2 protein chains.
Amino acid sequence: MRRDIFQAIADPTRRAIIGLIAVQAMTPNTIAEHFETSRQAISKHLRILSECELIQQEQKGREIYYQLELNKLKEIDQWLAQFKAIWENRFNELDNILANLKNKTDENESTI
Amino acid sequence: MRRDIFQAIADPTRRAIIGLIAVQAMTPNTIAEHFETSRQAISKHLRILSECELIQQEQKGREIYYQLELNKLKEIDQWLAQFKAIWENRFNELDNILANLKNKTDENESTI
DNA sequence: TAAATTTGCAACTAATTGGTTTCTTAATTT
DNA sequence: AAATTAAGAAACCAATTAGTTGCAAATTTA
């Protein structure tokens, strides 16, 4: 059973759950009310999110409040960071090209 | 066939492919050499990445060079942004709490 | 204490996924 | 022109997934 954070956010229902409980902790029943699907299906999604440590639970009597572990989402951000680096590098390269171009133009101007 | 960017990056092989071609465009054969799996399997992954517009292809003779569409990765970043906002808000709230606490302390001090 | 509520778990099912093998098409060598 | 190479497409298969129904455990409420 592959179960990492990327697989966790692949499902649109799970992303919606994440969006819901990001604002405030909720019980499975309350979460399920926001969807067409059954409470049990939501429960399964919550288990997957739990296994990935994307959510935490707090028992209050017979209710369980599920809360988003915002920090865990940073792992996705970290994965993205390497590509942001490339992205910014490309811009820097463009800067260099433009700078070189400008230098050449300046040289040409000076030799006119 | 659900086929969005989140589902595209859910597979570890596809994430590895993304990492590979981020640096420079590659042909399916070259990409496949980096993995245990078959060229055909890689070809399937490339098709999925193409359908999500995460990669672009450039035909050169009988070879096809696949290149990462860095911009598309920003969609993930945008999804993350809403949670970053919450994250930063929580810090601001903490700041407010601390500020209030300080004010109260100051008041107390002034009434001593 | 009995009934109702909240939740998780197990068994089952249909659809999807990632992979393989085989085949075709197109371009390049020889 | 014939052989080789690069790549996509189709058919098939095993594993996984997301969902269902039914049930058991624990907590509240009447």
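FYI, side chains are in, hydrogens and waters are out, and symmetry mates aren't considered; it's all heavy atoms of this structure. Letters go in sequence order (proteins before strands), and every chain restarts at 1. As the structure is a prediction and not an experimental result, all values here were calculated from the model.
The separation between B:Glu58 atom CD and D:dA7 atom C1' is 16 Å, rounded to whole Å. A:Leu49 has its CG atom 10 Å from the P atom of D:dA18, to the nearest Å. The distance between atom CG of A:Leu46 and atom C1' of D:dA18, rounded to the nearest whole Å, is 14 Å. Here the P atom of nucleotide D:dT16 and the CZ atom of A:Arg14 are 15 Å apart, to the nearest Å. At whole-Å resolution of the value, CD1 in A:Ile48 and C1' in D:dT17 are 8 Å apart. Here C:dC9 presents its P atom at 9 Å from CD of A:Gln57, a figure rounded to the nearest Å. Separating the CD atom of B:Glu63 from the P atom of D:dG8 is a distance of 12 Å, rounded to the nearest angstrom. Nucleotide D:dA7 holds its C1' atom 13 Å from the CD1 atom of B:Ile55, rounded to whole Å.
With sequence neighbours left out, the salt bridge (Lys or Arg N to Asp or Glu O under 4.0 Å) criterion links A:Glu75 to A:Lys72. Annotation: side chain to side chain donor-acceptor pair (under 3.5 Å) contacts of B:Gln40 (sequence neighbours excluded): none.
With respect to B:Lys44 and B:Asp11, no salt bridge is recorded, no charged nitrogen being found less than 4.0 Å from a carboxylate O.
Taking CD1 from A:Ile9 and CG from A:Leu54, the interatomic distance works out to 8.0 Å, rounded to the nearest 0.5 Å. A:Ile5 CD1 to A:Ile76 CD1: the interatomic distance, rounded to the nearest 0.5 Å, is 4.0 Å.
Phosphate contact (OP1/OP2 of D:dT16, side-chain N/O of A:Gln7, threshold under 4.0 Å): absent. For the OP1/OP2 pair of C:dT7 and a distance below 4.0 Å, the side-chain nitrogens and oxygens of A:Ser43 include no atom meeting the criterion.
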Contact pattern, 5' to 3', of nucleotides 19-26 of chain D - B, S or - by protein heavy atom under 4.0 Å: BBBB----
Could you go step by step and tell me if B:Ile18 and B:Ile55 meet the side-chain contact (heavy atoms from CB on, under 4.5 Å) rule? CA-CA 8 Å; B:Ile18 289 172; B:Ile55 59 176; 5.6 Å; no
When the side chains of residues 77-86 of chain B are checked against the rest of the protein, which donor-acceptor pairs come out under 3.5 Å, sequence neighbours left out?
unit_1	atom_1	unit_2	atom_2	d
B:Asp77	OD1	A:Lys84	NZ	3.1
B:Gln82	NE2	B:Trp79	O	3.1
B:Lys84	NZ	A:Asp77	OD1	3.1

Hey, can you pull the donor-acceptor pairs under 3.5 Å for the side chains in residues 60-70 of chain B, sequence neighbours left out?
unit_1	atom_1	unit_2	atom_2	d
B:Glu63	OE1	B:Tyr65	OH	3.2
B:Glu69	OE1	B:Gln56	NE2	3.2

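Atom CD of A:Glu36 has 12 or fewer neighbouring heavy atoms from other residues, nucleotides or ligands inside a 6.0 Å radius.
Using a 4.0 Å cutoff on non-hydrogen atoms, the parts of residues 18-34 of chain A near DNA chain C are A:Thr27, A:Pro28, A:Asn29, ordered by number.
Within the 4.0 angstrom heavy-atom criterion, only backbone atoms of the sugar-phosphate kind lie near B:Tyr66; the bases stay farther away.
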